[in-house]
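Lettering follows sequence order; numbering is per chain, from 1. In what follows, every heavy atom counts, from backbone to side chain, and hydrogens, waters and symmetry copies are set aside.
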Amino acid sequence: GAVVSQHPSWVICKSGTSVKIECRSLDFQATTMFWYRQFPKQSLMLMATSNEGSKATYEQGVEKDKFLINHASLTLSTLTVTSAHPEDSSFYICSARLGAETQYFGPGTRLLVL
Amino acid sequence: SQKIEQNSEALNIQEGKTATLTCNYTNYSPAYLQWYRQDPGRGPVFLLLIRENEKEKRKERLKVTFDTTLKQSLFHITASQPADSATYLCALRTGGQNFVFGPGTRLSVLP
């Protein structure tokens, strides 16, 4: 089946530093990948849609300068949380679209900003 | 305003019974609806997709129905097992590329 990986699986950083999270589709090519954030006991909230070779599309209320997305190849998208603060602590999940109807999720990255 | 609701935040049932989870939506016209399973600390796993012109879809012990008039989908797990305990999410695809997720129902199957 379609497999999506994320790295790292968890990260702890100091306030003010930047953190990069990678999302890879391992056995298929994905023109479109999605980045979600999930707070405890809440559902997934779409942050942005990442399109290979073009700029990401951000959802309302998501700062594009804070959450930098790069989708340089058909199998890799990266999310960089710049100048992270404690309120950015969350579970970040990516997904890769396969076909028109299906998306496969990565295992998630837990970020804790001290 | 647009909204997706799932019937309850948590549902407890006895092993062997059928679990029924509900997903209701408002002010969407989805071409299809999806159900996912999410275990704690993990990303969601795709289970089933049902299109607007389909009334019912089955996969092993899972069954999904889709009523576009009621704007509702029902997700059933028959002969439930403790291993079915997880959070189940419904998701709609909006007019663009995006998927919108419901808040989820945390199912606990008690032995």
Side-chain angles (χ1 to χ4, degrees), chain A residues 1-10 21 23-26 28 30-52 54 56-60 62 71 90-112, chain B residues 1-11 21-25 28 30-54 57 59 64 66 75 86-108:
Chain A
V3 179
V4 176
S5 70
Q6 273 184 250
H7 178 80
S9 56
W10 59 269
I21 302 170
C23 177
R24 293 180 186 273
S25 55
L26 298 185
F28 66 101
T31 307
T32 303
M33 291 184 173
F34 301 95
W35 286 96
Y36 295 85
R37 182 164 54 182
Q38 186 175 36
F39 291 106
K41 297 191 177 180
Q42 294 187 25
S43 191
L44 284 74
M45 297 299 296
L46 180 65
M47 298 175 66
T49 302
S50 170
N51 295 298
E52 187 267 337
S54 64
T57 303
Y58 290 81
E59 294 301 297
Q60 193 172 11
V62 178
H71 193 159
S90 189
F91 191 48
Y92 292 87
I93 311 174
C94 72
S95 71
R97 199 175 74 177
L98 180 60
E101 299 176 338
T102 309
Q103 58 177 328
Y104 290 89
F105 285 86
T109 297
R110 189 161 300 283
L111 170 64
L112 177 60
Chain B
S1 63
Q2 295 176 316
K3 199 174 2 177
I4 303 176
E5 296 175 309
Q6 292 190 238
N7 60 320
S8 54
E9 185 178 332
L11 179 66
L21 285 64
T22 305
C23 177
N24 293 290
Y25 57 93
Y28 285 108
Y32 56 86
L33 185 147
Q34 302 175 332
W35 284 89
Y36 291 81
R37 168 184 173 139
Q38 186 177 24
D39 291 286
R42 306 292 295 174
V45 174
F46 172 76
L47 296 175
L48 281 169
L49 177 152
I50 185 164
R51 294 181 177 80
E52 60 179 341
N53 60 350
E54 297 175 319
K57 197 74 131 343
K59 179 183 176 183
V64 172
F66 192 11
F75 176 80
T87 295
Y88 291 86
L89 305 166
C90 66
L92 307 177
R93 182 164 174 193
T94 64
Q97 304 184 76
N98 302 343
F99 295 85
V100 179
F101 284 81
T105 295
R106 191 170 65 254
L107 174 68
S108 296

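In the displayed structure, B/Glu9 atom CD is contacted under 6.0 Å by at most 12 heavy atoms of other residues, nucleotides or ligands.
Proximity of the aromatic rings of B/Phe101 and A/Phe105 is defined here by a centroid distance below 6.0 angstrom, and this criterion is met.
A distance of 10.0 Å separates OG1 of A/Thr49 from CZ of B/Phe99, quoted to the nearest 0.5 Å.
With hydrogens and angles ignored, the 3.5 Å screen pairs no side-chain donor or acceptor of A/Ser43 with any backbone N or O of B/Gly104.
For A/Leu44, the parts lying under 4.5 angstrom from a heavy atom of chain B are both the backbone and the side chain.
Across all non-hydrogen atoms, the minimal contact from A/Gln103 to B/Tyr36 is CG-OH, 3.3 Å.
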Extract all donor-acceptor atom pairs below 3.5 Å that involve side chains of residues 44-52 of chain B and protein atoms in other chains or at least two apart in sequence.
residue, atom, partner, partner atom, Å
B/Arg51, NE, A/Glu101, OE2, 3.1
B/Arg51, NH2, A/Glu101, OE1, 2.5
B/Arg51, NH2, A/Glu101, OE2, 3.0

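Checking A/Gln38 against B/Gln38 by side-chain atom types alone, a donor-acceptor pair falls below 3.5 Å.
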